[in-house]
Each structure stands twice: as structure tokens, then as C-alpha cells.
Q: 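Submitted below is the structure of interest, expressed as C-alpha cells.
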Amino acid sequence: MVRLRGAFFERMKKKRRLGIALGGGGARGFAHLGVLLALQEEKVPISAIAGTSMGAAVGACGALGLPLNTTARLLALLDLNDLLALSDSTIREVQRALGRGMVEFVRGCDWSDFSTTGSLGRMHELFRLLTGNRSFADVRVPYAAVAAELRSGEEIVLTEGKLADAVTASAAVPGVFPPFPLDGRFLIDGGTLHKIPADVAIDLGADAVLAVDTGAPLTREVKTTLDALFQSQRITSTHLTNMQLERARERIGGRLLMLRPAVGWMTMFDFAHVREAIEAGRNEACAHLDEIRELLR
């Protein structure tokens, strides 16, 4: 009996702590919700969640232990393009950003004040709704959201305060939303520096990581100068992300598995296809369940 008891505690000591790293991608990032739903249904234990941009939003819901099926149904019912005052076209959003920039150049702007009527305020209200206006102190799983400080270029890992503040800061895409003011800093989309925060999940205590990439693929057709501009940004982001993931993989002895849900056909603001994105995430996770379980051994 003594030997059996000792063996049991040895197995408990050796059990892996699985961290989830959820990347950005706008509307494509709702695939993260499908991944978490699949893990929840299969009772895969999660020990830490780190997210960037939309990954931060979905990760906050998962870390709170919210009923994810209910969250998925709610998001599928909402017209998020209308709610956030966003076009479903990336090009049109760029055109609108140029127009806003010209107005701000003439009139000036004050980033220290945002309201519920502006685009950033609307997004903040959405995340307040999704998180129930709860704080980091309420999470059931260690959680962090990644943002970037606009003036210094510093990576900011948020682990305190209101979840809606952290998620809004992490998802404040430059040009689309103004920077989010928090504690005297102006924060923008964490994907600027850390698209898939596997390192942050490790810092939260994980010794195995499931990373989920919902970024735009490099295989998109490039026809115009604007397409070339977007593609150049994706190239830089892809190479930076690969280096960061390789470093994270080395830190945990290779125990990092990458999932890539089939959402490359969606654009960043294609919020009309939330259901399809969630299902793509669920399918991707289910297709790799054996490998995910292997991470925990």
C-alpha cells in the first residue's frame, strides 16, 4: 500500500501543466472559442491561458470558466460589424483610417479620453459584456493579456485590474481603434510585438503549450500596392512569430503543439462568419486530440 501511494504521488508530480497561447486575427480569432470548447468537452485540463488581441478576449472567457456554448451563441447572434461600427472590408477600414488621420491632423486628438460612443468605447462595452465586468482576481485559470505600449514600444503583459480594460488594450488595432489609455500609458494591439504569446503562457507556469494561430496566411493573392503593403507586414510578423515560438519550444523541451484552424479565407473584419470560425477551431482541436493528450504525458 505504501508503494502504491508513493507511485501515485510521483505521477501527480510529473503531470504536465498545459498552457494555451491564443493569437490575434480579428474575426478569425473566434476559432479560439471552438478550440476551448473542444478542450472543455474532452475534459482536457488547462493550467494557464495567454492571449493577444482576439485571443485575449476569448482567453478571458475561458479563464473565467464561463459557459462557452452560451458565449458562442451570443456572439453568433450579434451583428458585430454594426456593434463595433466596422466595415467587413479591410481596404475600406484603411480608407476610413486615412480619413480619420486627416481630421485628427487638422483638429488634433485626445487619446486620454475615450467614450462609449467611439469605436474604442464600443469595443470596451462588448468586452465588459463578455467578461461580466469581472477582474483578474475572478479568473479560475491563471491568465494574461498581451499589449504593446505605443510610445516606448515595450511589451506589456497585463495580469491585474479589470479584464475588459486588458482585453480592449490588447485588441486596439492601430489605425482602426485609437490607443487604449491605461495607467498613464497608451496601449495598442499586442500582435504588434507578440502575435502568439507562448512565452507568456510558460511564464504563467505551463511546461507544455498548445498554441493557436489564426493570423492571415501568406498565401493570399497580391494584386495591388495595398495588398503588397499588407503582405509585407504579414511577412515580418510571420518571421518574428516563428522565432518567438522556437524560443518558447526550447524553454519547454519541445513540448509545443501548433494548431492552425482553417479560417484563412476570412478577412480580419469578417464578423458575419462567427459560427464558421468557431466550428473551424473545434474541428482543428478534435483532429489533434491525441497529440494534445500526448503533451500532458
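Please read all numbers here as calculations on a predicted model, not as lab measurements.
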Q: Does Asp199 pair with Arg251 as a salt bridge, N-O distance under 4.0 Å?
A: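 Salt bridge: yes.
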Q: Any side-chain heavy atom of Arg282 sitting closer than 4.5 Å to one from Glu41?
A: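 Heavy-atom side-chain distance check passes, below 4.5 Å.
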Q: If we only count heavy atoms from C-beta on, is the His288 to Leu259 side-chain gap below 4.5 Å?
A: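 Yes, close enough: below the 4.5 Å cut-off.
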Q: Counting only heavy atoms not in Glu246, do more than 12 sit closer than 6.0 Å to its CD atom?
A: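 More than 12 within 6.0 Å, yes.
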Q: Is Arg234 close to Ser237 at the side-chain level, that is, under 4.5 Å between some pair of heavy atoms?
A: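 They are not in side-chain contact.
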Q: Give me the other members of the hydrophobic cluster that Val146 sits in, counting Ile, Leu, Val, Met, Phe, Trp and Tyr linked by side-chain heavy atoms under 4.5 Å, directly or via other members.
A: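 So far as hydrophobic clustering goes, Val146 is joined with Val157, Val200.
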Q: So which atom in Thr168 and which in Leu120 form the shortest heavy-atom distance, rounded to 0.1 Å?
A: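 Minimum heavy-atom separation between Thr168 and Leu120: CG2-CD1, 3.7 Å.
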Q: Restricting to side chain to side chain donor-acceptor pair (under 3.5 Å), what partner residues turn up for Gln244, sequence neighbours left out?
A: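 Not a single residue meets the side chain to side chain donor-acceptor pair (under 3.5 Å) criterion with Gln244.
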Q: For residues Leu210 and Leu39, determine if any side-chain heavy atom of one lies less than 4.5 Å from a side-chain heavy atom of the other.
A: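 Yes. Closest side-chain heavy atoms under 4.5 Å.
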Q: On a heavy-atom basis, which atom in Leu204 and which in Pro142 lie closest, and how many Å separate them?
A: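 Heavy atoms only, the tightest pair is CD1-O, 3.9 Å.
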Q: Check this for me, if you would: do Arg297 and Glu294 make a salt bridge, where the nitrogen-to-carboxylate-oxygen distance has to be below 4.0 angstrom?
A: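 Result for this pair is yes, salt bridge flagged.
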Q: Rounded at 0.5 Å granularity, tell me how far CG in Leu187 sits from CZ in Arg151.
A: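 So the gap between those two atoms works out to 9.5 Å.
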Q: Is any side-chain N of the basic residue among Glu291 and Arg293 closer than 4.0 Å to the acidic one's carboxylate O?
A: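 Between Arg293 and Glu291 there is no salt bridge, as every charged N stays at least 4.0 Å from the carboxylate O atoms.
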Q: Quick one: does Arg255's side chain have a donor or acceptor within less than 3.5 Å of a partner on Asp207's backbone?
A: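 Judged by distance alone, yes, a pair lies under 3.5 Å.
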Q: List the steps, then state whether side chain to side chain contact (heavy atoms under 4.5 Å, CB included) holds for Leu130 with Leu66.
A: CA-CA 9 Å; Leu130 290 181; Leu66 299 180; 6.0 Å; no
Q: So do Leu80 and Leu126 actually touch side chain to side chain, heavy atoms under 4.5 Å?
A: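 Yes, close enough: below the 4.5 Å cut-off.
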Q: Between Arg128 and Glu125, is the closest basic N to carboxylate O distance under 4.0 Å?
A: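 Yes, charged N to carboxylate O under 4.0 Å.
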Q: Nearest 0.5 Å, please: how far is CG in Asn283 from CD1 in Ile278?
A: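 CG of Asn283 is found 12.0 Å from CD1 of Ile278.
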Q: Can you name the closest pair of heavy atoms from Phe30 and Ala277 and give their distance?
A: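 In terms of heavy atoms, the two residues are closest at CB-CB, 4.0 Å.
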Q: Looking only at non-hydrogen atoms, find the nearest pair between Phe127 and Ala171 and report the distance.
A: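 Heavy atoms only, the tightest pair is CE1-CB, 4.2 Å.
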Q: Stepwise, does the side chain to side chain contact (heavy atoms under 4.5 Å, CB included) test hold for Val209 with Leu257?
A: CA-CA 6 Å; Val209 172; Leu257 175 64; over 6 Å; no
Q: Step by step, work out the ring pair (Phe, Tyr, Trp, His ring centres under 6.0 Å) result for Phe186 and Phe180.
A: CA-CA 5 Å; Phe186 291 113; Phe180 185 78; 9.9 Å; no
Q: Listing request: all side chain to side chain donor-acceptor pair (under 3.5 Å) pairs with a residue in residues 173-193, at least two apart in sequence or in separate chains.
A: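 Output for this query lists Ser53-Asp189.
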Q: Provide the closest heavy-atom pair for Ala198 versus Ala248 in the form atom of the first, atom of the second, distance.
A: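 Nearest pair, atom of Ala198 first, then Ala248: CB-CB, 3.8 Å.
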Q: Provide the full list of ring pair (Phe, Tyr, Trp, His ring centres under 6.0 Å) pairs with a residue in residues 49-84, sequence neighbours left out, each pair given once.
A: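 Applying ring pair (Phe, Tyr, Trp, His ring centres under 6.0 Å) to every pair that reaches into residues 49-84, excluding sequence neighbours, yields nothing.
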Q: Any side-chain heavy-atom pair from Glu154 and Ile156 closer than 4.5 angstrom?
A: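 Heavy-atom side-chain distance check passes, below 4.5 Å.
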Q: If you define the side chain from C-beta out and look only at heavy atoms, does anything of His194 sit under 4.5 Å from Leu240?
A: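 With C-beta onward as the side chain, the pair stays apart.
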Q: Which atom names give the shortest non-hydrogen contact between Ile196 and Ala211, and what distance separates them?
A: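 Result for this residue pair: CG2-CB, 3.8 Å.
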Q: Apply side chain to side chain contact (heavy atoms under 4.5 Å, CB included) to the pair Tyr143 and Thr159, showing each step before the final yes or no.
A: CA-CA 7 Å; Tyr143 165 76; Thr159 57; over 6 Å; no
Q: Using modelled atom types and a 3.5 Å cut-off, is there a donor and acceptor pairing between side-chain atoms of His32 and backbone atoms of Gly23?
A: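 Checking the backbone N and O of Gly23 against the side chain of His32, a donor-acceptor pair under 3.5 Å is found.
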Q: Once salt bridge (Lys or Arg N to Asp or Glu O under 4.0 Å) is applied, do any residues pair with Arg17, and if so which ones, sequence neighbours excluded?
A: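 Result, salt bridge (Lys or Arg N to Asp or Glu O under 4.0 Å) vs Arg17: none returned.
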Q: Side chain to side chain donor-acceptor pair (under 3.5 Å) with Glu284: which residues, sequence neighbours excluded?
A: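 With neighbours one apart ignored, the set is empty.
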Q: Would you say the side chain of Ile46 lies within less than 4.5 Å of the side chain of Leu36, judging by non-hydrogen atoms?
A: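 Side chain of Leu36 against side chain of Ile46, heavy atoms only: contact under 4.5 Å found.
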Q: Without swapping roles, check the side chain of Lys195 against the backbone of Gly215 for a donor-acceptor pair under 3.5 Å.
A: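 Absent.
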